[in-house]
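To start, the structure itself, in structure tokens.
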Amino acid sequence: MRVFFSTGEPSGEYHAVELASAMRRQFEAGIECEGIGSQRMREAGFNVRVDTRGWASLGWVEALAKIPPLLAIMLTTALRLRLHPPDLIVLVDFGAFNLRLARQLRRTGYHGPIVYYIPPGAWLDRKKAAYMVAKATTPLTVFTHQRDFYAGLGLHANFFGHPLVSLIPQRAPRPAPAHDAGTVAILPGSRRAEIERHMGPLLDAARGLAIERRHLEFVIGAANAEAHALIEEHIAQSPGIKLRVVDGARTALAESDAAWIASGTAVLEAALLGVPSVLFYVTSDTQARMARRMYAKMGGKWIGLPNLVLQRGVIPELWQENVTASALVEELRKILLDPSQQLAQLAGLHAALGPADALDQIAAFVLAQVRT
């Protein structure tokens with residue numbers, strides 16, 4: 001079986017690799033995986049046709065400059081898939097590219113199965129996009145909210161749970177660290193612009209918290225080699241803090257007592273693992289104004305996935321001008337003194353996200369699209 005996966009940024013690539021792994025476990029005849037991705041997919045044995053390094057952007061404004069080259073890649077990819085059709089196409093998130101790819105394929109007569117895994121707009125769904133996804137693909141969401149949104153439009157979105165429930169077992173509860181010690185994970189994001197905007201206040205906050213706790217350690221998680229090098233550059237300009245850089249969010253979180261995390265999938269990973277955290281995010285002023293208007297119109301209250309799933313503000317959220325060193329220190333100080341409060345409120349997260357075998361169910365469903 002030949003399966004083509006299309007991703008656009010590190011989180012989507014992660015989900016593609018884990019899904020492919022689960023599919024391979026179930027399909028004994030073997031699966032040849034290819035597609036659009038980067039290093040993680042190469043390491044998992046994918047034949048990467050197009051490398052996505054540099055694709056990810058922080059929002060609509062910064063994405064505009066990338067539209068022309070991505071459009072050309074989309075058209076070329078659609079033509080290649082029409083000429084040499086795989087048994088199955090799996091699109092993973094990244095709606096700006098993947099939704100256009102699906103529509104182009106259908107316009108040009110492609111009749112093979114296309115599964116849209118994690119359709120765009122999980123928490124700020126738009127009717128127009130939902131109709132497009134449902135018309136061109138088989139939607140497969142990982143959130144009950146999105147399943148219900150589609151149902152409210154008379155559309156069907158398949159749901160079996162969130163794959164991270166299958167991949168991240170909750171660790172044993174940890175007591176509060178000693179008053180002058182502890183380990184704090186810092187996850188500044190995977191995109192260059194995120195790191196550039198976040199590292200300044202994060203390093204200032206780390207320096208301030210280290211004054212209060214002289215044996216405190218910091219572990220920074222780098223999403224990839226490019227992020228690792230950029231983070232090291234910032235650290236070199238801010239000496240005197242006891243910290244180290246490791247590969248990946250999971251490694252940084254493994255032995256941490258608490259974390260500062262840029263909004264995204266890593267916040268959900270930390271919550272499932274049992275690491276209490278503070279969420280933050282900074283974007284451009286223009287994008288912030290646009291996001292605030294849209295979020296207010298849609299009735300949004302939170303941006304962090306655990307808060308959205310549980311529909312309550314369990315994890316502190318700092319956004320835009322509120323991302324200051326003093327605010328980061330204040331919120332994390334509370335957690336280090338008593339992590340049990342946040343962890344108690346996160347207790348129902350696993351159940352809210354679905355069954356423990358969600359990923360296997362997702363893989364079985366995706367394989368069934370070929371067999372039918």
Side-chain angles (χ1 to χ4, degrees), residues 5-21 33-59 62-63 65-66 69-70 73 92-94 96-98 164 167-168 183-203 206 217-239 241-256 259-270 273 275 277 280-283:
F5 290 82
S6 178
T7 72
E9 52 190 345
S11 61
E13 191 181 9
Y14 168 79
H15 285 299
V17 168
E18 295 297 343
L19 174 58
S21 179
C33 296
E34 61 182 69
I36 299 173
S38 196
Q39 189 60 32
R40 188 191 295 266
M41 286 170 62
R42 285 194 183 89
E43 292 172 354
F46 283 64
N47 181 2
V48 176
R49 301 288 187 177
V50 179
D51 197 299
T52 60
R53 281 177 296 180
W55 280 27
S57 60
L58 280 170
E62 293 181 20
K66 299 180 181 180
L70 289 184
I73 293 171
V92 188
D93 202 356
F94 207 62
F97 179 89
N98 281 331
L164 288 183
L167 298 168
I168 304 179
T183 301
V184 174
I186 300 177
L187 304 177
S190 59
R191 303 161 180 169
R192 170 173 283 273
E194 288 174 331
I195 295 170
E196 293 285 7
R197 288 174 178 154
H198 294 155
M199 284 302 294
L202 286 170
L203 289 174
E217 295 184 359
F218 297 94
V219 184
I220 304 182
N224 49 47
E226 182 184 6
H228 194 125
L230 186 57
I231 290 168
E232 291 283 10
E233 288 179 16
H234 281 272
I235 292 173
Q237 298 170 14
S238 185
I241 309 172
K242 189 177 182 181
L243 51 77
R244 54 193 170 92
V245 184
V246 298
D247 293 331
R250 207 76 56 83
T251 304
L253 292 169
E255 298 301 323
S256 296
W260 286 312
I261 308 179
S263 180
T265 304
V267 182
L268 186 58
E269 292 184 33
L273 185 62
V275 179
S277 66
F280 62 87
Y281 206 80
V282 180
T283 186

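The figures that follow rest on heavy atoms only: side chains count, while hydrogens, waters and symmetry mates do not. Source: prediction; values computed, not measured.
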Is the backbone N or O of I168 less than 3.5 Å from a side-chain atom of E269, with the two atoms forming a donor-acceptor pair by type?
no
When you measure from the side chain of S238 to the backbone N and O of H234, does any donor-acceptor pair fall under 3.5 Å?
no
From CZ (R197) to OG1 (T283), nearest 0.5 Å:
5.0 Å
Examine distances only and state if a side-chain atom of E194 and a backbone atom of S190 form a donor-acceptor pair shorter than 3.5 Å.
yes
Testing the basics here: between G12 and V92, what is the closest heavy-atom pair and its distance to 0.1 Å?
O-CG1, 3.5 Å
Please answer whether the main-chain N or O of P188 pairs with a side-chain N or O of H198 as donor and acceptor at a distance below 3.5 Å.
yes
Smallest heavy-atom separation, V219 atom then A252 atom, equals CG1-CA, 3.8 Å
In a check of salt bridge (Lys or Arg N to Asp or Glu O under 4.0 Å) between E226 and each of R53, R192, R191, which one passes?
R192
With a 4.5 Å heavy-atom cut-off, do T183 and E255 have their side chains touching?
no
Test side chain to side chain contact (heavy atoms under 4.5 Å, CB included) on L243 and L203 and set out the steps.
CA-CA 10 Å; L243 51 77; L203 289 174; 3.8 Å; yes
Should I220 and I235 be marked as a side chain to side chain contact (heavy atoms under 4.5 Å, CB included) after you check the CA-CA gap, both sets of side-chain angles, and the distance that decides it?
CA-CA 10 Å; I220 304 182; I235 292 173; 3.9 Å; yes
For A206 against F218, the heavy-atom pair lying closest together
O-CZ, 3.4 Å
Any donor-acceptor pair under 3.5 Å from E13 side chain to M41 backbone:
yes
Go through it in stages, so that I can follow the logic: the residues are L187 and L253, the test is side chain to side chain contact (heavy atoms under 4.5 Å, CB included), and I'd like the CA-CA distance, side-chain angles, deciding distance and then a yes or no.
CA-CA 9 Å; L187 304 177; L253 292 169; 4.2 Å; yes
Show me the side-chain donor-acceptor pairs of residues 42-49 shorter than 3.5 Å, one per line, residues at least two apart or across chains.
unit_1: R42; atom_1: NH1; unit_2: D51; atom_2: OD2; d: 2.8
unit_1: R42; atom_1: NH2; unit_2: D51; atom_2: OD2; d: 3.0
unit_1: E43; atom_1: OE2; unit_2: Q39; atom_2: NE2; d: 3.4

Note: L167 and R250 closest approach over all heavy atoms is O-NH1, 4.1 Å
In Å and rounded to the nearest 0.5 Å, what is the OG1 to CZ distance from T52 to R40?
11.0 Å
Taking the side chain from T7 and the backbone from I36, do they hold a donor-acceptor pair closer than 3.5 Å?
yes
Are F280 and L202 packed together at the side-chain level, in the sense that at least one heavy-atom pair is separated by less than 4.5 angstrom?
yes
Closest heavy-atom pair, G189 versus I195, reported as atoms and distance to 0.1 Å, is O-CG1, 3.6 Å
Give, for atom NE2 of H15 and atom CG of L164, the distance between the pair rounded to the nearest 0.5 Å.
5.0 Å
Heavy atoms, side chains only, cut-off 4.5 Å: are V267 and Y281 in contact?
no
Where do F97 and L70 come nearest, in terms of heavy atoms and distance?
CE1-O, 3.4 Å
Step by step, work out the side chain to side chain contact (heavy atoms under 4.5 Å, CB included) result for V246 and R244.
CA-CA 7 Å; V246 298; R244 54 193 170 92; 3.6 Å; yes
Any F5 side-chain heavy atom under 4.5 Å of L19 side chain
yes
